[in-house]
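A short worksheet on the structure shown next.
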Amino acid sequence: MTDASTPLIIVGGGASPAGGSVRADEDLLDGLNPQQREAVVYRGPALLIVAGAGSGKTSVLTRRVASLLRTKDAWPSQILAITFTNKAAGEMRERVGQLIGDRAQGMWISTFHSACVRILRREAQQFGFTKSFTIYDSGDSRALLKRLVKEHEADAYGITPAGAQSRISKLKNELADAESYARSANMNDPAERVFVDVFSDYQRELQRANAFDFDDLIGQVVYLFRAFPHVADTYRRRFRHILVDEYQDTNHAQYALIHELTQPVSGGGAAPFESGGMMIFEPEPATDAEGPASLTVVGDSDQSIYAFRGADIRNITEFERDYPGAKVVLLEQNYRSTQNILSAANAVIGNNFDRKDKKLWTDVGEGEKIIGFTGYSQHDEAQFVADEIEKLHREGVDYSQVAVFYRTNSQSRALEEIFIRAALPYKIMGGTKFYERAEIKDALAYLIAVSNPADEMALRRIINRPRRGIGDVTIEAISRYAANEQITFRDALANSSALGVGPKIQAAIAHLDAVLAEATEIMLPATGELPPPTAVADGLQLLLGKSGYTDALRASKDAQDEARVENLDELVAVAREFARNNPEGTVVDFLAEVQLVSDADDLEDASGSVSLMTMHTAKGLEYDAVFVTGVEEDLIPHRISAGEPGGPQEERRLFYVGITRARKRLHLSLAMTRAQFGEISVAMPSRFLQEIPAELIQWRQSPGDVNSRGGMQSRALNARRPGGPSAAKRYGDDLVPKSTSIERFANRIPAKVRDNGDMQLASGDRIRHDDFGEGRVDAVTGEGAKRVAHVRFDSAGPKKLLIKIAPIEKL
DNA sequence: CTAGACAGTCTTTTT
DNA sequence: GACTGTCTAG
C-alpha cells in the first residue's frame, strides 16, 4: 500500500507528536462514550471489544493504537495490527497518522496474509524456500490441482480439482497436512488414498516451485514458529501489542498464529536477532520484553460470514476461556443507522438462536421507512433501483453515498445493463477482478518467470503465449530433457538445440529464453547492485514488447483484445506507481503486493459513482442509501447453504451485515422471476423478509401485488397496482408499457450492445423507447459515445439515457 | 499445431 | 449463458 505517501495532518490543535501534556491521550477520548473510552485506555494482557455494527469500532481501534503510542506504552515498531483488507489497513494507518504524526511509520498494520508474507520473506531460507517465492492465488492452485488430478486419474474416484482444492484449503486452515490427514483418514478407502496422494503431491509441487498458496502463507508461519522457537521469539520480542480486527472471521490457523505470537518468549536472554546476516529490526529500547504480548481483539459474532472458508466463530465466543482474565468491553450504541433500520436488523438477527442477545440502539430517531419493491424480473428490479437512485440524486444524495448489494456476483449483470442505459455512474467492486484477467495473469507470469525461475507453472503458462508453435509435444520434450539432465524447466530452455525439436521451434524457444534473460538483467542485475526503481516497469514493458505479446494482441481483430492492451498499459502504470511508492521495491515485492489485493481494496475512490458489490464485500463499509437486491429464497439464503449445518444462520448474518450498512435509507428488492443458467425460474420472497416487522417496510410493490399468476387474485400483470402517488406515477400500469409481461421482461435486454452511435438528438425531439414509450428530449449532455439524453417520458417520467445504446428511435 | 465447432459443466460468498 | 475441455479438419 501507499506507505510512503501517508498525508501528515495533525488534528487537535497541533498536539506535539512527542506528547508532553499531563494526560497525553486526553484529546483522543473526545466524543467517546464511556465504553469506547474504556476500550481505548484499558491496559492489560487481553482485551475483547464486542463491537456491534456501526458502534464506532474503527474509531476506537485507531484511537487505542494512538493512545498506546502517546502514553509511551508502546513504540510504533512494537505494534502489530491485523485488519481484514489492505484497504482497511491503509485507512487505519492514515487515521493513526493523523492522530500522532509520522511516527506511525514503523508499525505493522496489515492483513494476516501480508504480515505473513513479510515474515516468510525474512525466514524462508530456514525451511527450504528462497525469499523470492511466489504466491499462488486460487486460480493458480486450481491449475496445479487440475494437472495432478489428471495424473492420478483421481476423477475416477469423484475427485474434482475444485473439490480437492476446497478440501485441501479446509485442512490447511485446520493446520493439517497430507501426512496428519492420512493418519486420521480411512486409508482402506481408495478414494481417500488417492486424495492423500494428490494432496501430498500438491504440496511437493508447491515446494518445488518455491511457492506458497494463500492458506500456506498463514499455516507455514505457524509451522515455522513451532519448529523454530528462536524465530518465534524474535517476533514475540518485537510485537508487544497485537490488535486484531474482525476477529470473528479468523480461522484456526490465524488463531494459532496469534496464539503463538502471544506466548511468552521461550529462549533466555535477548539474543541479537539476525536473519540471513541481515539485521531486521531497528534497535528499540527493550521494555518488559519477555512476558506475553498484550492482545486486543475486536469483533461481532453476529457479523461472522466467513465460516465457509474456515472462520471459526468460537475464536471469539471462547476468547475469555483462551485468555483468562481478559477484559470485555461491549459497544452497543450505534452511530450509523436510523432506528427503523436497526429495528429491522435486530428483528432479523434475533432469529438466530445460539447467540448472546444484544440489541443495537441509537438516539438519532426513527428515520425513513424501509422501502420494498418486487419486480417481475431482475431487469424490472434493476430499473427500480436505477430510478430510485436517480430520485435520490435529484434530492441531493451523492452517487458515492449509494451502494447496491447482492448475494452472488452474477446478479451484477442485470444491474449493470440497466445502469449503463440509464447513464448512471457506477463501479463494480470485485466481480472479474483486474488481476484475474487472462492478459494480466499472463503478464504476471512473465514477471514470475524472471523473479522465481523455479516456478514451472508460470513458465508453462507463457511458453506459448503469444503463439509460438509450442504445443504439448514440445513442452513434454522440454520437461523430459530437464528431468534427464537434472536441471530446471527454466534452464532447459537455454539448451533449445539439445531438445530434439524442429529448427523453427528451437528458434522460438531460444528467443523466449533470450527475452527472459534480458529482463532478468534489468530487474535483478547479476552484479548484485540495486536495480533502479523503474526496473519492474521497464522489465515488464520489455517482456511484453520483445516477446511479441502486445503485438499479437494488436494484430488481432477481436475487439476485446484492444481492451486487453489497455489493461496491460494499466498494469505497467501500476508498476510505475509502485516504483514511486517503493523506491527500493523489487519485482518480488511488486508481485506480492499485486497477488494480495482484494476486492475491497479497489483503491480508486469511487467518488461520483454508485458502488455495486456482494454483501460479503460490503462488510465494514457504510453508505447513506443502501439497496439490498435479490431478497429471494435460494439466493439469500442461498440454495447451497440451506442444507448445510449452520448455513441458514450464516446467511442470516450476511443479510444482517447488508442491512446494517445503511445510514439513512434502506431499500429491499426482489424479483418474481429470475433468469439463471439461461433458464427463467420463479423466485419466492426470502424468509428473512418475513422476519422484519411489517410496519417497518413501505412497499412500493409488494410480492402480493405481483404474484397474481395462478393465485387467487386474477389481476393481470398490467392492471392497476396500489402504491403511493409517486409510486403509481412511476410504476402504475400506464407507465409500464402495455406489452409488459413476464415473457417480455425476461428477455428485455438484448445480449449484444446495440449502437446508435451516430443518432443526432436535440432538445425538443420526440423519441420512442422500447420500454418507456414516447417522450420528449429535454437536453443532451456529454460527448461522443457518452452522450446522454435527458428525456421526459409521457408516462414514465424523467429518465437519463445513454444515447449510444438506448433502445430508442427518433420520431 | 491451430482454429473452429460442439458438448458438458456449472456459480455462493474470498484472502 | 458462459466457460472449459475435447474433437475434427486443415
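Values below: every heavy atom of this structure, side chains too, minus hydrogens, waters and symmetry copies. Letters go in sequence order (proteins before strands), and every chain restarts at 1.
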Taking salt bridge (charged side-chain N to carboxylate O under 4.0 Å, His left out) as the test, write out the residues that go with A/Arg121, two or more places apart.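 So A/Arg121 forms no salt bridge (charged side-chain N to carboxylate O under 4.0 Å, His left out) with any residue.
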Could you check how far [atom1] of [X] sits from [atom2] of [N], rounded to whole Å?
X: A/His113; N: B/dT15; atom1: NE2; atom2: P; value: 9 Å
X: A/Gln676; N: B/dT11; atom1: CD; atom2: C1'; value: 9 Å
X: A/Phe84; N: B/dT13; atom1: CZ; atom2: P; value: 15 Å
X: A/Gln165; N: B/dC10; atom1: CD; atom2: P; value: 15 Å
X: A/Ile305; N: B/dT15; atom1: CD1; atom2: P; value: 11 Å
X: A/Ile640; N: B/dT11; atom1: CD1; atom2: P; value: 7 Å
X: A/Arg309; N: B/dT12; atom1: CZ; atom2: C1'; value: 14 Å
X: A/Arg413; N: C/dG1; atom1: CZ; atom2: C1'; value: 7 Å

OP1 or OP2 of [N] versus the side-chain N and O atoms of [X]: is any pair under 4.0 Å?
X: A/Asn173; N: B/dT15; result: no
X: A/Ser114; N: B/dT15; result: no
X: A/Thr614; N: B/dT14; result: yes
X: A/Asn409; N: B/dT12; result: no

Kindly assign one of parallel, tilted or perpendicular to the pair A/Tyr255 and A/His259, based on the angle between their ring planes and the thresholds 30° and 60°.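 Answer is parallel, since the angle falls under 30°.
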Donor on one side chain, acceptor on other, A/Glu123 and A/Tyr235, under 3.5 Å: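 Yes, A/Tyr235 and A/Glu123 have a side-chain donor paired with an acceptor closer than 3.5 Å.
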I'd like to know whether the aromatic ring centres of A/Tyr306 and A/Phe308 sit less than 6.0 Å apart in this structure.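 Between A/Tyr306 and A/Phe308, the centre distance is under 6.0 Å.
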Which pairs pass salt bridge (charged side-chain N to carboxylate O under 4.0 Å, His left out) with one or both residues in residues 303-312 of chain A, sequence neighbours excluded?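 Applying salt bridge (charged side-chain N to carboxylate O under 4.0 Å, His left out) to every pair that reaches into residues 303-312 of chain A, excluding sequence neighbours, yields A/Asp312-A/Arg314.
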Inter- and intrachain pairs under salt bridge (charged side-chain N to carboxylate O under 4.0 Å, His left out), touching residues 463-477 of chain A, at least two apart: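 For residues 463-477 of chain A, and leaving out neighbouring residues, the salt bridge (charged side-chain N to carboxylate O under 4.0 Å, His left out) pairs sorted by first residue read A/Asp442-A/Arg465.
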How would you summarise protein contacts on nucleotides 4-10 of chain C per nucleotide, using B for base, S for sugar-phosphate only and - for none, with heavy-atom distances below 4.0 Å? SSS----
Please state whether the base of B/dT12 and the side chain of A/His638 form at least one donor-acceptor pair under 3.5 Å?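 Answer is no: no donor-acceptor pair is held.
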Any carboxylate oxygen within less than 4.0 angstrom of a Lys/Arg side-chain nitrogen, looking at [X] and [Y]?
X: A/Asp249; Y: A/Lys619; result: yes
X: A/Arg653; Y: A/Glu650; result: yes
X: A/Arg674; Y: A/Glu381; result: yes

Check the interface with nucleotides 2-9 of chain B: list each N/O to N/O pair with the protein under 3.5 Å, or write none.
residue : atom : partner  : partner atom : Å
B/dT2   : OP1  : A/Asn464 : ND2          : 3.4
B/dA3   : OP2  : A/Arg467 : NH1          : 2.4

Heavy atoms only, 4.0 Å cut-off, all strands: where does A/Phe112 land among base, sugar-phosphate and nothing?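 Answer is nothing: A/Phe112 stays at 4.0 Å or more from every strand.
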Closest nucleotide among B/dT14, B/dT15, B/dT12 to the A/Phe214 side chain: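 Taking heavy atoms from C-beta onward, the closest nucleotide is B/dT15.
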Between A/Arg460 and A/Phe489, is NZ or CZ placed under 6.0 angstrom from the six-membered ring centre and within 45° of the ring axis?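 Yes, a cation-pi geometry holds between A/Arg460 and A/Phe489.
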For A/Phe308 and B/dT13, is the gap between ring centres under 5.5 Å while the planes differ by less than 30°?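 Whether judged by distance or by angle, A/Phe308 passes, so it stacks on the base of B/dT13.
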Kindly express the pairing pattern of DNA chain B in dot-bracket notation, using | wherever a base pairs with another strand and counting only Watson-Crick or G-U pairs under 3.5 Å. ||||||||||.....
Contact nearer the 5' end of DNA chain B, comparing A/Glu651 with A/Gln254: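 It is A/Glu651, whose closest nucleotide lies nearer the 5' terminus.
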Could you walk me through whether A/Ser141 and A/Asp213 pass the side chain to side chain donor-acceptor pair (under 3.5 Å) test, one step at a time? CA-CA 7 Å; A/Ser141 303; A/Asp213 65 19; 4.6 Å; no
Could you go through the side chain to side chain donor-acceptor pair (under 3.5 Å) check for A/Glu205 and A/Tyr136 one step at a time? CA-CA 12 Å; A/Glu205 289 290 307; A/Tyr136 277 15; over 6 Å; no
